[in-house]
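Below you'll find the structure, written out as structure tokens, and then a few comments.
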Amino acid sequence: MLKGKKILLGVTGGIAIYKVLDLISKLKKLEAQVDIIMTESATKMIAPITFQTMARSKVHTKLFESSDNYNVEHISLAQSCDIVLIAPATANIIAKIANGIADDLLSTTLLATKKPIILAHAMNSNMLDNPATKRNIDILLQRGHYFIETGTGFLACNHYGNGRMAEPNDIIDYLDCFLTKKDLDGKNIIITAGPTIERIDPVRYISNDSSGKMGYSIAKMARNRGANVILISGPTYLSQINGIETIHIETADELFEAIDDNFEDADCLIMAAAPADFKVKNRKDKKIKKTEIPELELVENKDILSYFGNIKGSKKIIGFAAETDNLKKNAKEKLHKKNLDYIIANDISKPGAGFNVDTNIASIISDSYTEDLPIMSKFDLADKILDLLKY
């Protein structure tokens with residue numbers, strides 16, 4: 001959602017300024033347009049030419065600066081952006097905005113803009129907890145400004161506490177969510193992701209190659225589009241998604257129970273997880289020694305999709321079919337057998353599709369139609385899948 005967006009970035013003189021260079025780099029890679037205003041204090045810490053090089057655009061520093069452009073600079077900057085982001089936002093700039101002070105280019109532009117103002121604040125924890133700062137933040141929240149939550153850790157003053165500016169990836173995530181149209185507002189969606197594991201003994205298990213990337217992509221996009229999301233995740237190496245309730249499970253039985261606990265209030269279940277088809281009947285409580293050759297007896301796990309497909313009522317259920325041959329035939333059979341509304345079919349033998357990659361090649365199949373999609377990112381495919389919930 002950041003591609004083509006115009007972001008006016010206000011940079012103030014906090015030590016967290018060093019993170020902002022990485023932030024600008026990430027924004028440019030996402031094809032956002034970044035205009036920058038630096039306060040005088042910020043220019044003392046990092047030279048404007050560094051920001052200008054990273055952003056590939058002019059850095060504005062002075063309120064009264066000669067220019068061949070006859071627009072009033074603080075007005076044109078205030079009007080031409082989609083959002084204003086201040087990072088780092090010091091206690092000083094927060095106080096200025098709260099009290100309507102306009103004594104430099106940044107504070108004057110902020111007073112002139114009607115665009116959303118988002119603050120990634122950063123300061124010593126004592127400054128953050130000061131009643132004056134708390135009052136100023138409350139004033140800005142009441143006015144409809146937005147704050148990206150600070151983190152806890154070692155601060156520049158060698159003090160441990162709250163006040164660290166959010167990391168660039170977290171700021172990107174916040175902006176992406178903020179700028180996404182909330183067309184799924186009020187929808188309650190259960191999304192499952194990743195593999196399940198079935199223990200053989202305390203150190204060994206049966207599993208599969210599911211990375212969880214598809215399910216996590218759908219969950220993140222659903223959150224961005226305003227849905228209330230419950231993510232039920234098997235074991236993965238993926239980071240927790242901010243703003244989403246996540247339930248961590250291991251086995252297929254635990255996956256079933258987690259869905260069952262939340263199914264009544266859900267509008268939709270999107271089953272992107274890959275639960276194991278079998279579990280070990282004779283699981284060992286102690287590690288099997290190398291000298292032992294165990295005979296494993298497998299029993300079939302509960303068919304989770306079929307169970308919920310048969311009791312869904314008016315809820316929508318979307319499943320996945322990862323196949324290596326007869327893709328559409330097998331997917332259509334699964335659609336009917338499990339009473340699904342849609343099935344997302346992909347041939348995992350194709351390059352760029354399937355497990356452990358960031359792209360997918362899929363077909364969306366229902367009773368009435370089939371849509372074959374080209375290779376695309378899993379986030380773009382997530383958007384396509386979530387579009388199905390609007391009809």
Side-chain angles (χ1 to χ4, degrees), residues 1 173-174 176-196 210-234 236 238-249 252 254-275 303-322 334-335 338-346 360 362 364-367 371 373 376-391:
M1 288 304 300
D173 184 51
Y174 185 98
D176 195 29
C177 182
F178 185 88
L179 290 166
T180 302
K181 183 180 178 182
K182 302 298 183 284
D183 57 353
L184 295 179
D185 187 37
K187 292 279 188 185
N188 298 317
I189 305 175
I190 300 171
I191 299 165
T192 69
T196 64
S210 176
S211 65
K213 288 183 176 182
M214 191 69 247
Y216 274 63
S217 296
I218 298 170
K220 186 173 180 179
M221 282 295 182
R223 177 209 64 181
N224 288 1
R225 292 173 65 167
N228 303 314
V229 178
I230 294 176
L231 174 63
I232 304 173
S233 175
T236 77
L238 302 176
S239 299
Q240 183 111 350
I241 305 172
N242 293 330
I244 289 180
E245 179 184 350
T246 304
I247 302 170
H248 295 280
I249 55 92
E254 291 171 355
L255 176 61
F256 171 81
E257 289 170 8
I259 297 172
D260 196 40
D261 287 343
N262 295 280
F263 193 68
E264 183 178 350
D265 296 327
D267 298 302
C268 175
L269 167 63
I270 301 178
M271 189 77 168
D303 190 328
I304 298 173
L305 260 184
S306 288
Y307 177 87
F308 289 105
N310 287 325
I311 65 167
K312 67 179 184 178
S314 60
K315 304 178 194 295
K316 283 187 177 178
I317 298 187
I318 300 173
F320 280 73
K334 186 174 181 180
L335 176 84
K338 300 177 187 291
N339 196 30
L340 309 179
D341 296 279
Y342 299 94
I343 194 160
I344 314 303
N346 62 295
N360 216 334
I364 298 175
I365 300 173
S366 74
D367 258 336
E371 181 181 3
L373 301 172
M376 60 179 64
S377 74
K378 287 186 173 176
F379 284 113
D380 287 338
L381 178 56
D383 249 350
K384 289 278 190 182
I385 293 168
L386 291 168
D387 284 343
L388 302 172
L389 305 186
K390 298 193 297 183
Y391 309 111

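Numbering of residues begins at 1 and proceeds along the displayed sequence.
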| query | Is the shortest heavy-atom distance from the side chain of Leu269 to the side chain of Thr192 under 4.5 Å? | reply | yes

| field | Separation of Leu388 CG from Asp383 CG (nearest 0.5 Å) | value | 11.0 Å

| task | Assign the ring pair Phe256 / Tyr307 to parallel, tilted or perpendicular, where the plane angle (0 to 90°) is split at 30° and 60°. | result | perpendicular

| message | How close do Ser366 and Tyr342 get, counting heavy atoms only, and between which atoms? | response | CB-CD2, 3.6 Å

| said: Taking the basic N atoms (NZ, or NE/NH1/NH2) and the acidic carboxylate oxygens, is any pair closer than 4.0 Å for Lys312 and Asp341? | reply: yes

| Exercise: identify the closest heavy-atom pair between Tyr216 and Ser239 | CE2-O, 3.6 Å

| said: Nearest 0.5 Å, please: how far is CD in Glu245 from CG in Asn228? | reply: 10.0 Å

| Test item: Ile189 and Ile218 side chains (from C-beta on) under 4.5 Å apart, heavy atoms | no

| message | To the nearest 0.5 Å, what is the distance between CD1 on Ile244 and CD1 on Ile191? | response | 6.5 Å

| Hey, are the side chains of His248 and Gln240 touching, using non-hydrogen atoms and a 4.5 Å cut-off? | yes

| At their closest point, which heavy atom of Phe320 faces which heavy atom of Met271, and how far apart are they? | CD1-O, 3.3 Å

| query | Does Phe308 reach the side chain of Asp260, with side-chain heavy atoms less than 4.5 Å apart? | reply | yes

| Once you round to the nearest 0.5 Å, how far does CG of Leu335 lie from CD1 of Ile344? | 10.0 Å

| query | So which heavy atom on Ser210 is nearest to which on Ala274, and how close? | reply | CB-CB, 3.9 Å

| query | Distance only, no hydrogens: is a donor on one side chain within 3.5 Å (strictly under) of an acceptor on the other, for Asn310 and Asn339? | reply | no

| remark: Note: Leu389 and Cys268 closest approach over all heavy atoms is CD2-SG, 3.5 Å

| field | Exam field: side chain Lys182 to backbone Thr180, donor-acceptor pair closer than 3.5 Å | value | yes

| Any chance NZ of Lys384 has more than 12 other-residue heavy atoms, nucleotides or ligands included, within less than 6.0 Å? | no

| task | Please assess Asn262 against Asn188 for the test side-chain contact (heavy atoms from CB on, under 4.5 Å), listing each intermediate value before the final yes or no. | result | CA-CA 10 Å; Asn262 295 280; Asn188 298 317; over 6 Å; no

| request: Without swapping roles, check the side chain of Lys315 against the backbone of Glu264 for a donor-acceptor pair under 3.5 Å. | output: yes

| query | Within a strict 4.5 Å, meaning less than it, do heavy atoms of the Pro195 and Thr236 side chains meet? | reply | yes

| said: With heavy-atom distances below 4.5 Å as the criterion, would you say the side chains of Ile247 and Glu254 are in contact? | reply: no

| query | Within a strict 4.5 Å, meaning less than it, do heavy atoms of the Arg223 and Asp173 side chains meet? | reply | yes

| message | Under a 4.0 Å threshold between the charged nitrogen and the carboxylate oxygen, would Arg225 count as salt-bridged to Asp387? | response | yes

| note | dist Leu381:CG -> Met214:CE (nearest 0.5 Å) comes out at 4.0 Å

| request: Considering non-hydrogen atoms only, spot the tightest contact between Pro275 and Leu255 and give its length. | output: CB-CD2, 3.9 Å

| query | Hey, what do you get for CD1 (Ile343) to CG (Leu305), rounding to the nearest 0.5 Å? | reply | 7.5 Å

| query | Judged by atom type as modelled, is there a donor-acceptor pair below 3.5 Å linking the side chain of Asp267 to the main-chain atoms of Lys187? | reply | no

| query | Would Ile241 and Thr246 satisfy side-chain contact (heavy atoms from CB on, under 4.5 Å), going step by step from the backbone distance to the final call? | reply | CA-CA 8 Å; Ile241 305 172; Thr246 304; 5.7 Å; no

